[in-house]
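So you know, we letter chains A, B, ... as the sequences are listed, proteins then strands, and number each from 1. When reading the values below, keep in mind they use all heavy atoms of this one structure, side chains included, and skip hydrogens, waters and symmetry mates.
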Amino acid sequence: MSDKNVRVRFAPSPTGPLHIGGVRTALYNYLFARKQGGKMILRIEDTDQTRFVPGAEEYIIEAFNWCGIEFDEGVINGGPYGPYRQSERKDIYRDYAEELIASGIAYYAFDTPEELSSIRQQYESEKKTFIYNYEERQKLRNSLTIDEKNVADLIGKGTPYVIRFKMPEDEMVVMDDLVRGRVEVNTKVLDDKILFKSDGMPTYHLANVMDDHLMEISHVIRGEEWLPSLPLHVMLYRAYGWDEPQFAHLPLLLKPEGNGKLSKRDGDRLGFPVFPLKWTDPKTKETSRGYREDGYFPEAFINMLALLGWNPGDERELFSMDDLVEAFSIERVGRSGSKFDPEKARWFNHQYLVTKGNEELADLFEPILTGKGIAAGKEKVSIVVGMVKERANFVTDLWDQSSFFFVAPAEFDQKAVKKRWKADSYEQMIELQKVLSGIDDFSSDNIEQTVKSWIEKKEYGMGMIMNAFRLLIVGALKGPHLFDIVALIGKEDTLQRIDFGLKTIGKKEA
RNA sequence: GCACCGUUCGUCUAGCCAGGUCAGGACGCCAGGUUUUCAUCCUGGUAACACGGGUUCAAAUCCCGUACGGUGUACCA
């Protein structure tokens, strides 16, 4: 039941790092395309030269690369509908805009930005809102109020002008949206949007509609912030006599607390990234953290993002990209904005971390160990990781959970000492040390058996001994099965740690 | 201001279109169990249909209104 020629696009502006809301929009496009057996296109909408930020496009591409979102056509790998950067398509827009003027659907306007802003100010002081519409355009400087000859003169003299859409005075525009259903707007509340700017570039509205048509985009899946301009876009398609694509306007990602759209500030304030990758602003040198650098797995990041505004309709929560493709449908996208929950993001990462193989995790952990000046064999690191990964959300947590496998404790958790280091502990640990030094087969099972039978024979309390023992070996009351730890660090190290602990903690007075 | 969109546990959400289960799941939190410790894990608990009308034998579900929120209202996208 898939449409024959599904073609979707993600069309960001290179004005800075890609926000996770944008990543989610791209993800839904990608899932939809894959599910329908269609094509996914990456187009760069750089019609505003003043907002261009160097490195932004590269960032966007790298981010998708990291996430595993792939494009069939676009600025990365080209394609038959190129170029895919709007600045490189500049020449084709003007003719289309002129065509609209010829058919009376658009007109030239000579009002300068300064004139317009002063009118706006004046209206505001009278508590009115200025909109450039069917009423106002009669009083302004445009090809509707100036005769043809003078318009030609003005243009001939190089007077800057823009091209505006002549919004009908009173017409119902009926639109259909895949997630919102039928939407109706009367054109009387709409304004004469600029289609073509005085700098020779089209605005988003024109460029976007034209390119979507020229690139044969079948479904426009984009953020809800575009819904208010949908009537204009639809009217443009109709004015050109083009088939409209199907539209789907996605709900926005909201900040975790309070109200409003998720922004970089929220991330900084609440301690989580708002961007997939770390970003350094080329001008201010200000940096923003990224999911990748914060230790998230791309699979977890994608999984988390996919479930923010979409759900499969059953109770599954863990999805690989392939699973998502299989389960995705645009009809199941929600209609209301989703507050981002950093806590659940961490949970997702944990889920992926524990299912990763120990060798793979060891490889990821290795650089951290090296940074601490530790050169442990891969085999040992794998074993250690296998023992502690349940306790970690991120690869970086692994060190806190396993440092004692690699370095002997230099100090001891004072609260634990207070709680578990009793008057008898000192003597008991000396005894234990003797028992341990007598063991030849220093395997976990054998040590356990030997120590336990010693405890039984002496009628010592199990908890009493084991907690004190753990304190000496680990430095705190945490970590995996203690006999596994001592077996791994070996007999010599174990005995040394007991020596050091005994010396450092000392004997507790009764 | 105006326009459009939205509103189910603290959060993500199922259920709504085709009215009729104690409104289900997950995260978080709390309690208990398991464990030599921490974590994992297991069990249980916590907590929601924004409000007001209407239609109906019956409304989270359909209709109207209100409130609240979001977005848009740029020669930005």
Exceeds 12 heavy-atom contacts within 6.0 angstrom, atom NZ of Lys422(A):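 Counting other residues, nucleotides and ligands, NZ of Lys422(A) exceeds 12 neighbours.
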Watson-Crick or G-U wobble mate for [N], both contacts under 3.5 Å:
N: A59(B); value: none
N: C38(B); value: none
N: C75(B); value: none
N: A31(B); value: U43(B)
N: A67(B); value: U7(B)

Quantified in whole Å, what is the [atom1] atom distance between nucleotide [N] and nucleotide [M]?
N: U40(B); M: A31(B); atom1: P; answer: 14 Å
N: C49(B); M: G10(B); atom1: P; answer: 8 Å
N: C38(B); M: A50(B); atom1: C1'; answer: 43 Å
N: A26(B); M: G15(B); atom1: C1'; answer: 16 Å
N: A60(B); M: G24(B); atom1: P; answer: 14 Å
N: G19(B); M: C62(B); atom1: C1'; answer: 8 Å
N: G28(B); M: G69(B); atom1: C1'; answer: 24 Å
N: C16(B); M: G33(B); atom1: P; answer: 41 Å

Salt-bridged, Arg391(A) to Asp400(A), with N to O below 4.0 Å?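 Asp400(A) and Arg391(A): not salt-bridged.
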Lys/Arg N to Asp/Glu carboxylate O, Asp341(A) vs Lys339(A), below 4.0 Å: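 Between Lys339(A) and Asp341(A) there is no salt bridge, as every charged N stays at least 4.0 Å from the carboxylate O atoms.
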For the side chain of [X], starting at C-beta, report the closest nucleotide among [options].
X: Val189(A); options: C2(B), A77(B), U40(B); result: C2(B)
X: Lys344(A); options: A26(B), U37(B), G1(B); result: A26(B)
X: Asp341(A); options: G24(B), U11(B), C5(B); result: U11(B)
X: Arg391(A); options: C75(B), A39(B), U71(B); result: A39(B)
X: Ser336(A); options: C4(B), G25(B), G6(B); result: G6(B)
X: Glu45(A); options: U13(B), U11(B), A77(B); result: A77(B)
X: Glu315(A); options: C4(B), G25(B), U36(B); result: G25(B)
X: Arg180(A); options: G6(B), U71(B), C76(B); result: G6(B)
X: Val162(A); options: U71(B), C75(B), A3(B); result: C75(B)
X: Met462(A); options: U36(B), C5(B), C76(B); result: U36(B)

Name the nucleic acid region contacted by [X], choosing base, sugar-phosphate or nothing; use a 4.0 angstrom heavy-atom cut-off, strictly under.
X: Ser117(A); result: nothing
X: Asp111(A); result: base
X: Gly309(A); result: sugar-phosphate
X: Val354(A); result: nothing
X: Leu482(A); result: base
X: Arg332(A); result: sugar-phosphate
X: Glu184(A); result: sugar-phosphate
X: Ser198(A); result: base
X: Arg316(A); result: nothing
X: Ser338(A); result: sugar-phosphate
X: Pro480(A); result: base

Honestly, is Lys344(A) close enough over Trp347(A), meaning NZ or CZ under 6.0 Å from the six-membered ring centre and within 45° of the axis?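 Relative to the ring axis of Trp347(A), which defines the angle, Lys344(A) lies inside both limits.
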Tell me whether Lys128(A) forms a cation-pi arrangement with Tyr123(A), defined as NZ or CZ under 6.0 Å from the six-membered ring centre and within 45 degrees of its axis.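 Yes, Lys128(A) and Tyr123(A) form such a contact.
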Rounded interatomic separation in angstrom, taking [atom1] from [X] and [atom2] from [N]:
X: Leu318(A); N: C12(B); atom1: CG; atom2: P; answer: 19 Å
X: Leu253(A); N: G6(B); atom1: CG; atom2: P; answer: 18 Å
X: Lys389(A); N: U40(B); atom1: NZ; atom2: C1'; answer: 12 Å
X: Tyr132(A); N: C2(B); atom1: OH; atom2: P; answer: 25 Å
X: His249(A); N: G72(B); atom1: NE2; atom2: C1'; answer: 11 Å
X: Asp484(A); N: C38(B); atom1: CG; atom2: P; answer: 17 Å
X: Leu116(A); N: C75(B); atom1: CG; atom2: P; answer: 6 Å
X: Met304(A); N: U11(B); atom1: CE; atom2: P; answer: 18 Å

Taking the nucleotide of RNA chain B with the nearest heavy atom to each, does Ser13(A) or Phe340(A) sit closer to the 5' end?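 Result: Phe340(A).
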For Glu390(A) and Glu224(A), take the nucleotide of RNA chain B holding the closest heavy atom to each; which residue's nucleotide lies nearer the 5' end?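 Looking at the nearest nucleotide for each, Glu224(A) comes out on the 5' side.
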Is any side-chain nitrogen or oxygen of [X] closer than 4.0 Å to OP1 or OP2 of [N]?
X: Arg120(A); N: A74(B); answer: yes
X: Asn311(A); N: A14(B); answer: yes
X: Lys197(A); N: C76(B); answer: yes

Check for a donor-acceptor pair, side chain of Tyr237(A) on one end and backbone N or O of Met210(A) on the other, with a separation under 3.5 Å.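 Here the side-chain-to-backbone pair does not exist.
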Taking atom types as modelled and ignoring hydrogens, do the side chains of [X] and [Y] form a donor-acceptor contact shorter than 3.5 angstrom?
X: Asn358(A); Y: Lys389(A); value: yes
X: Tyr107(A); Y: Asp192(A); value: yes
X: Asn29(A); Y: Arg9(A); value: no

In this structure, which one of Ile221(A), Leu178(A), Val234(A), Leu227(A) forms a side-chain contact (heavy atoms from CB on, under 4.5 Å) with Phe247(A)?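 Filter result, single survivor: Val234(A).
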Could one point to a donor on the side chain of His481(A) or the base of U36(B) with an acceptor on the other under 3.5 Å away?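 Under the 3.5 Å cut-off, the side chain and the base do form a donor-acceptor pair.
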